[in-house]
Amino acid sequence: MQKGLPRFCDVLVAFLGLSLFSPLLVLVALAIRLSSKGPIIFRQQRVGQNGRSFQLYKFRTMRASTGGPQVTARDDKRITSVGTILRKLKIDELPELLNVLRGEMALVGPRPEVERYVDRENPNWQDVLQTKPGITDPVTLRLRNEEILLAGVDNDRERFYLEVLQPFKLRGYVQYQQQRTWQSDLRVLYETALAVLLPNRVPPPTLSELTMFPNTIPCRNR
């Protein structure tokens, strides 16, 4: 039985969101097209519910075909000038509403990973992959400035992601799933909207919090 918001709510909100933001989507598409070469939409294979692969949609924020690591820091030279603004405001993620309409994602759920970062033998990953991935969740809220954290790492950022950030995410995903209800999902959406408007409202975790167990995440049921 699915926890959280029912499917018809996801579909309704995703449809209304795409309709409401359609003028903005057109303007963003034009800005991307005029500012750099490459496709408007970035497509990438991610691992979804039950380990099934699907194609994630985002606005392209980086120069096309530049290669490099699959984790992105704020100072990544691959990010375009338009992409910097889109990533800061999280506008690049609006096309993921298409993934919600297609049934590959939910509004609230753990963020989907690329295959190379998924350890299917890890019990936490096995729990996470039982859930449909989402656009936002309490952990994503806490790590809204993940790119800034990565920019503060001087050496191997990919290793820092896999050994510090990802375990923090997995623990939080599992913890939220254990207590999740449709009311808590609504609160996550509300908190996400506030975080977009007031980005300093949800402070990012410190390094000690990232390595501490268990996680402390917002949006608990009361």
Side-chain angles (χ1 to χ4, degrees), residues 10 13-49 52-118 132-137 139-141 143-153 157-158 160-162 165-166 169 192-193 195-197 199 204:
D10 282 344
V13 173
F15 177 78
L16 291 176
L18 288 171
S19 301
L20 178 65
F21 291 115
S22 56
L24 175 62
L25 298 177
V26 172
L27 290 175
V28 170
L30 286 173
I32 294 172
R33 174 63 72 190
L34 294 174
S35 64
S36 63
K37 296 180 180 179
I40 293 171
I41 298 295
F42 170 74
R43 298 172 172 83
Q44 187 179 57
Q45 293 298 119
R46 299 287 181 100
V47 180
Q49 189 175 26
R52 291 191 295 267
S53 180
F54 72 97
Q55 194 170 69
L56 179 80
Y57 302 116
K58 284 181 145 186
F59 279 124
R60 180 176 60 83
T61 59
M62 305 176 78
R63 295 177 180 83
S65 303
T66 54
Q70 291 182 305
V71 295
T72 308
R74 177 64 61 88
D75 59 354
D76 197 311
K77 298 185 183 302
R78 297 172 296 174
I79 302 175
T80 65
S81 56
V82 170
T84 299
I85 299 172
L86 298 182
R87 296 175 80 96
K88 183 176 182 180
L89 300 176
K90 303 300 180 182
I91 295 174
D92 61 314
E93 297 182 5
L94 285 177
E96 291 174 29
L97 292 173
L98 289 172
N99 290 115
V100 175
L101 288 180
R102 289 163 57 97
E104 297 155 337
M105 293 179 64
L107 294 175
V108 179
R111 290 295 297 170
E113 277 282 16
V114 294
E115 179 67 45
R116 63 176 292 190
Y117 291 162
V118 175
K132 187 176 291 187
I135 295 177
T136 186
D137 76 300
V139 182
T140 303
L141 275 175
L143 290 175
R144 189 175 183 275
N145 295 319
E146 178 180 323
E147 294 180 1
I148 296 177
L149 289 170
L150 286 168
V153 177
R157 291 173 175 176
E158 191 170 43
F160 176 80
Y161 178 81
L162 290 173
L165 286 180
Q166 192 188 71
K169 290 182 178 184
T192 299
V196 172
L197 297 173

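Keep in mind that the numbers below use all heavy atoms, side chains included, and drop hydrogens, waters and symmetry copies.
Here the options are Lys169, Glu146, Met105, the test is side chain to side chain contact (heavy atoms under 4.5 Å, CB included), and the partner is Arg111; only Met105 passes. Of the residues listed (Arg46, Arg43, Glu104, Gln45), the one engaging Leu56 in a side chain to side chain contact (heavy atoms under 4.5 Å, CB included) is Arg46, and it is the only one.
With sequence neighbours excluded, the residues satisfying side-chain contact (heavy atoms from CB on, under 4.5 Å) with Leu98 are Leu18, Tyr57. Take Gln49 and apply the side chain to side chain donor-acceptor pair (under 3.5 Å) test, not counting sequence neighbours, and it matches no residue.
Note that CZ of Arg60 and OG1 of Thr80 are 6.5 Å apart. Values are rounded to the nearest 0.5 Å. The distance from the OG1 atom of Thr72 to the OH atom of Tyr161 is 10.0 Å, given to the nearest 0.5 Å. In this structure, NZ in Lys58 is found 13.0 Å from CD1 in Ile91, a value given to the nearest 0.5 Å. Atom CG of Leu165 is separated from atom CZ of Phe160 by 4.5 Å, given to the nearest 0.5 angstrom. The CG atom of Leu143 lies 9.0 Å from the CG atom of Asp137; values are rounded to the nearest 0.5 Å. In this structure, Ser22 OG and Leu94 CG are separated by 11.0 Å, a value rounded to the nearest 0.5 Å.
Contact record, Arg74 with Ile79: O-CD1, 4.1 Å, taken as the closest heavy-atom pair. Closest approach of Ala151 and Asp75 over heavy atoms only: CB-OD1, 3.9 Å. The nearest pair of heavy atoms linking Pro23 to Leu20 is CD-O, 3.6 Å. Nearest heavy atom pair, residue Ile32 against residue Pro39, reads CG2-O, 4.2 Å. The shortest non-hydrogen separation linking Thr140 to Ile135 is CG2-O, 4.4 Å. Heavy atoms only, all atoms of each residue included: Val82 and Ala31 are closest at CG2-O, 4.0 Å.
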Practice task
Please step through side chain to side chain contact (heavy atoms under 4.5 Å, CB included) for the pair Glu147 and Asp76, ending with a clear verdict.
Solution key: CA-CA 9 Å; Glu147 294 180 1; Asp76 197 311; over 6 Å; no

Exercise for the section: List the steps, then state whether side chain to side chain contact (heavy atoms under 4.5 Å, CB included) holds for Tyr117 with Val47. Expected result: CA-CA 10 Å; Tyr117 291 162; Val47 180; over 6 Å; no

Exercise for the section: Please report the C-alpha distance between Phe42 and Asp92 in whole Å, then the side-chain angles of each, then the deciding distance to 0.1 Å, and finally whether the side chain to side chain contact (heavy atoms under 4.5 Å, CB included) criterion is met. Expected result: CA-CA 9 Å; Phe42 170 74; Asp92 61 314; over 6 Å; no

Problem - Criterion side chain to side chain contact (heavy atoms under 4.5 Å, CB included) on Lys90 and Arg144, from CA distance to verdict - result: CA-CA 9 Å; Lys90 303 300 180 182; Arg144 189 175 183 275; 3.7 Å; yes

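Between the side chain of Arg63 and the main chain of Lys77, a donor-acceptor pair closer than 3.5 Å is present. In this structure a side-chain-to-backbone donor-acceptor pair under 3.5 Å is present from Lys132 to Gly103.
When side chains are defined from C-beta on, Leu97 counts as touching Leu107, because their heavy atoms get closer than 4.5 Å.
For the residue pair Arg87/Thr61, the side-chain donor-acceptor check at 3.5 Å is satisfied.
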